[in-house]
Every structure is written in C-alpha cells, then in structure tokens.
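What follows is a set of notes on a single structure, which appears directly below.
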Amino acid sequence: MTDVTATVVRLKLSLLRNGLRQSGGRRAAFVASAVVALLFAALQLLGLLALRGHAHADAVAVLGTAVLALGWAVLPLFFPSGDETLDPTRLVMLPLRPRPLVRALLTASLVGIGPLFTLLLLIGCALSVARGAAAYVTTVVAVVLALLVCVALARAVAAANVRLLTSRKGRDLAVLSGLVIAIGAQLVNFGAQRLGSGGLGQLSPAADVLRWLPPASAVGAVHAVSERSYGLAAAQLLLTAAALALLVAVWARSLTRLMTAPDGSTLQSADSGARERTSAGGLGRLLPAGRTGTVMERSLRYVWRDPKTKAAWVTSLAIGLIVPVFNALQGTGSIYFACFAAGMLGIQMYNQFGQDTSAFWMVAMTISSSRDAYVELRARALALLVITLPYAALVTVLTTAVLGDWPRLPEVLGLSFALLGAMLATGAWTSARFPYSIPQEGYKNVAPGQAGLAWIAIFGGMVSAALLCAPVIALTIWLNVSADGDAFTWLLLPVGAVYGTAVTLLGLRLAAPRTAARLPEILAAVSKG
C-alpha cells in the first residue's frame, strides 16, 4: 500500500515537472499563477486573523469554508484537464485494487497549489474563531478533516463524471466555465453591496445552517469548543468524519465501476438513434417548409450542440437577465436597462457565417443568387427571433415587476423590439462584410490575425444599430418630456415592433446581394481557424 501511494505521488510530481519542461512560457505562467494564488491566500489568512474577536467572525469562517468546498466540488467539472490524475481510467490496465488506489490518489491530491491555497484559508477560518488551548488542538483536527473532505469531494465528483468529462459534453462544460465566472462575479458583486449596506450580521442565518454541513461543520466545531460547547463540537467533528468516510466509499465504488465496466459512452443504440430521428422530425414539423425551415433547424441545432455557439448564447442569456434584474433588486437600476437583454442577444446575429467554420462551403454551394442569400439570412434571423423575442419580453416584464413601474412596460418593450430589429439588420450586413473564423478548439473566439475584423464587426455594428434606433429613441424622449405625452406612450409598443420589423427586412435586403457576391471571400475568412 505504501509503495502504491509513494508511486502515485511520484507520478503526480513527474507530471507536474514534465509539464513545466515543455516551454519557458508554461513555466513562467505556472510560477506567476502560484505566486498570485499564494499571495492572495496569505492576504486572506491575515484578513481572517484580523476578524478574531469580531461578533460575526464565526459566520464568515463557516461560510468561507463552505465556499471552498463548493469550489472543490465544481471545478473538476469545468476544468477537467487541470489535473491529469483526475481521470482514473488511465490506470485500468494496472493490477490495482480500489481501496489502495483511493488512498494513493487521495495522498497525491494533496500535492499542488490548490491544496496549499485551501490549507491556508482553512487555517485562517479556524484560527479566526479559536480561543483557548482546547480550541487550538481542535483546530488541527478540524483543518485536516476539512481539507480531506474538500479533496475527497473533488475526487468523488470527478470519478462519478469521468465519462462525461472526457466526452464532447464535458468539453462543453469547460467552454461554459466562462459563464460560471461571469455569473459568479455578478453574484459576488451583489452580495458585497448587500453586506456593505447591512453588515456581516446578514451572514448569520446562512451560517447557522451551513455549520451543520461538512466541511463547514469542522470549523463550527472549533467555534463550539471556544464557547465550551464540547458535546456540540464532538457532534460536528463526527459529522465531518462521517462525510469523509461516505465520500471515500462513493469514490471507491465509482473507481470499481470504472475499472470493471465497459465504456459505452460512445456507443449509440438503435433506440437512441430512433429517438434522435423522432426528435429531429418533431422539430422540423414546427418550422416552415422549404429552405427557411431547414436553415432555422440547422441554426437552432448549432445553439444546442456546438460548444462555442452554446457558450455564447448561454452567456448572453444569463448576462442579459442579470444586469437589469440585479440592478433593479438593488434599487439602482432603471426600467430601460431591460433593453440590455435584446442588445445581448442581438449580438448573436453578428458573424453568422463564422459559426459554420469550414463547413460554410456546403452552404455556399446552395447560394447562387441574391434571392438565395436573402432566404438564408432571413431564416437565420428567424431562428434567432424564436429565442430572442420571448426572452426579451420576459426580462422586460421581470424588471418592470421588480421596479413596480408598469405604465412604462409598453414603451420599453417597443424600444427593445426596435433595438433588436436594428441589430439584426446590422448583424446581417456585417456578417457579409466582416466575417471571421471562430476556432473550435481552445477558448479563443477569434482566429489569430482576425481580431481587428471582430472588433469592427461587433462594435461598428452596435454603433450603427444605436443610430438606426435614433427615431424611436427620440420619440420616446419627446413623449416623456411632453406635457400630454404620458397618455400616448403605449403607442411606442406597436411603433417599435413595426419599426424593428421594417429595419430588419431592409437590412436583410441590403446584405443579400453583398453576401452572394462575396461568397469566396467569406468562405476563406471563416475557414481560417
């Protein structure tokens, strides 16, 4: 057993060492990230120690430990390639039993920047609530248990989802990690503002619940010992130890299944193929006949299946909802922020052909005239509207409900529809005039050398869309400042809808001849990545 553990630890160190030998840039990035992470951890440790004696230090410590555990649980799903030893299927050919392998991998998991970062934060959380010799002794046990629970949680999650993490859907999760970061940043910002206005006391209700959930219960035990509640502390430590044992058992069971069961993740049964054909037929029946329906179905399938397209859509959907609604919840927003949703989704019309990459040649072969190009662009716009129209209306209604400003709902909806129409129009034109390639691998959204085209297409198109919306914006301002204008603001809803429709059709008409004439250039541009 000791030999297996030592061998796996040496394997982990070899993987780290050999990875750093690949290039000087990789070594520099590793050193820089290590320094930044450890410096941040040291500052957090000092900040937690400064909370000693504060009335709500225990709430901060408990919540901090819970957040660390959450990070260990979800990071393997979004960054499966961050640790090569997360995939135990690479060891299936070796004569290893699950239990010795679990111990070896658990020990190897304690090697790295992440465990050291977590250890420093856990020490800070525990020491911030420790008072007395008994509490300091409990701190040692609590920190070790909490660290092992975090590591075992990450391993159990990774082992249970290893088939997913090594599949195309797993790569989808990695691409969507940017969305998690974006949403998390908004949630942190919202929480920080709430804490700034109400103080740390607002954390106490959540901490009272989390102190009974491992591994936060280990830090709760340190606080209980400091308060001389030894029975409570023992119960919390036992709960943490039981959670560790359960996670190790689940992990061992997952390893056994992975080592003995065949991998059928890439096999498609006849039933699943029949279900997929039935699903395709169902979607096709809901769409128009002919080329329009075919193009719409293809575009919607890109949204669901292509990782980069899916990531762009989900990010736009999330940010388009978060910005107006969160600002409204904080009392600092305006009902006009609801137009942000239409703007975020309208961007998806830009670079329509880039998402096809080199497969665009099959589309180009079906375009022989301006009429063909117009039908292609119109169908892509209709596919976007299937999602965007109800979503923009939903975000506007939610923002209005939070603010309670119902009389302005029609005019904001009208502005959203006008903005969406303008972005569809400019997006169709820039797709033909400034196409660029979207690399399928990695995290880059623009191929090298085409960043300038992307900036021109997106920001130039957005400025043009804002100018196209100027008549509706001017009408909105005039009705709001006019003495009797409030009685007619409801007209902005039909005016905005009609104006947006007219601008969209005009933009598609103008973009179609350019698309048909520039097919070779578009194909060369989108195939570059």
Between [Y] and [X], is there a side-chain heavy-atom distance shorter than 4.5 Å?
| X | Y | result |
| --- | --- | --- |
| Asn327 | Phe340 | no |
| Trp72 | Pro215 | no |
| Tyr136 | Arg131 | no |
| Leu127 | Leu48 | no |
| Trp251 | Leu105 | yes |
| Leu121 | Leu45 | no |
| Leu148 | Leu110 | yes |
| Leu424 | Leu385 | yes |

### Query
Going through the checks in order, is the side chain to side chain contact (heavy atoms under 4.5 Å, CB included) test met by Val248 and Leu244?
CA-CA 6 Å; Val248 170; Leu244 176 60; 4.2 Å; yes
State, to 0.1 Å, how close [X] and [Y] come at their nearest heavy-atom pair, and which atoms those are.
| X | Y | result |
| --- | --- | --- |
| Phe117 | Ala41 | CD1-CB, 3.4 Å |
| Leu247 | Ala156 | O-CB, 4.1 Å |
| Ala218 | Thr240 | N-OG1, 3.3 Å |
| Tyr391 | Gly320 | OH-C, 3.8 Å |
| Leu419 | Cys469 | CA-SG, 3.3 Å |
| Val395 | Pro324 | CG1-CG, 3.7 Å |

Can you tell me how far [atom2] of [Y] sits from [atom1] of [X], rounded to the nearest 0.5 angstrom?
| X | Y | atom1 | atom2 | value |
| --- | --- | --- | --- | --- |
| Leu46 | Leu49 | CG | CG | 6.5 Å |
| Ser226 | Asp58 | OG | CG | 9.5 Å |
| Thr118 | Ile113 | OG1 | CD1 | 11.5 Å |
| His223 | Ser217 | NE2 | OG | 14.5 Å |
| Arg211 | Leu232 | CZ | CG | 8.5 Å |
| Thr388 | Gln348 | OG1 | CD | 8.0 Å |

Do side-chain atoms of [X] reach the backbone of [Y] as a donor and acceptor pair under 3.5 angstrom?
| X | Y | result |
| --- | --- | --- |
| Thr65 | Ala61 | yes |
| Asn351 | Tyr436 | yes |
| Arg155 | Val102 | no |
| Lys12 | Ser109 | no |

### Task
Answer yes or no: does atom OH of Tyr230 have more than 12 heavy-atom neighbours from other residues, nucleotides or ligands under 6.0 Å?
yes
### Message
A quick test of your reading: do over 12 heavy atoms of other residues, nucleotides or ligands sit less than 6.0 Å from CZ of Arg253?
### Response
no
### Task
Start with the C-alpha distance between Thr5 and Thr107, add both sets of side-chain angles, then the distance that settles side-chain hydrogen bond (donor to acceptor under 3.5 Å, both in side chains), and finish with yes or no.
CA-CA 7 Å; Thr5 301; Thr107 305; 4.9 Å; no
### Query
Could you go step by step and tell me if Leu398 and Leu321 meet the side chain to side chain contact (heavy atoms under 4.5 Å, CB included) rule?
CA-CA 9 Å; Leu398 287 176; Leu321 175 66; 3.9 Å; yes
### Message
Could you work out, with side-chain contact (heavy atoms from CB on, under 4.5 Å) as the rule, every residue matching Tyr336, not counting sequence neighbours?
### Response
Ser334, Arg408, Glu411, Val412, Leu415, Thr476, Asn480
### Query
Given Leu389, which of Leu420, Leu384, Leu345, Leu394 fulfils the side-chain contact (heavy atoms from CB on, under 4.5 Å) condition?
Leu420
### Message
Using the side-chain hydrogen bond (donor to acceptor under 3.5 Å, both in side chains) criterion, which residues pair with Arg228? Sequence neighbours excluded.
### Response
none
### Query
Excluding sequence neighbours, so at least two apart, what forms ring pair (Phe, Tyr, Trp, His ring centres under 6.0 Å) with Phe459?
Trp455
### Query
Could you go step by step and tell me if Thr399 and Asp405 meet the side chain to side chain contact (heavy atoms under 4.5 Å, CB included) rule?
CA-CA 9 Å; Thr399 307; Asp405 196 3; over 6 Å; no
### Task
Go through Ile347 and Met462 one step at a time and tell me if the side chain to side chain contact (heavy atoms under 4.5 Å, CB included) criterion holds.
CA-CA 8 Å; Ile347 294 177; Met462 291 172 65; 4.3 Å; yes
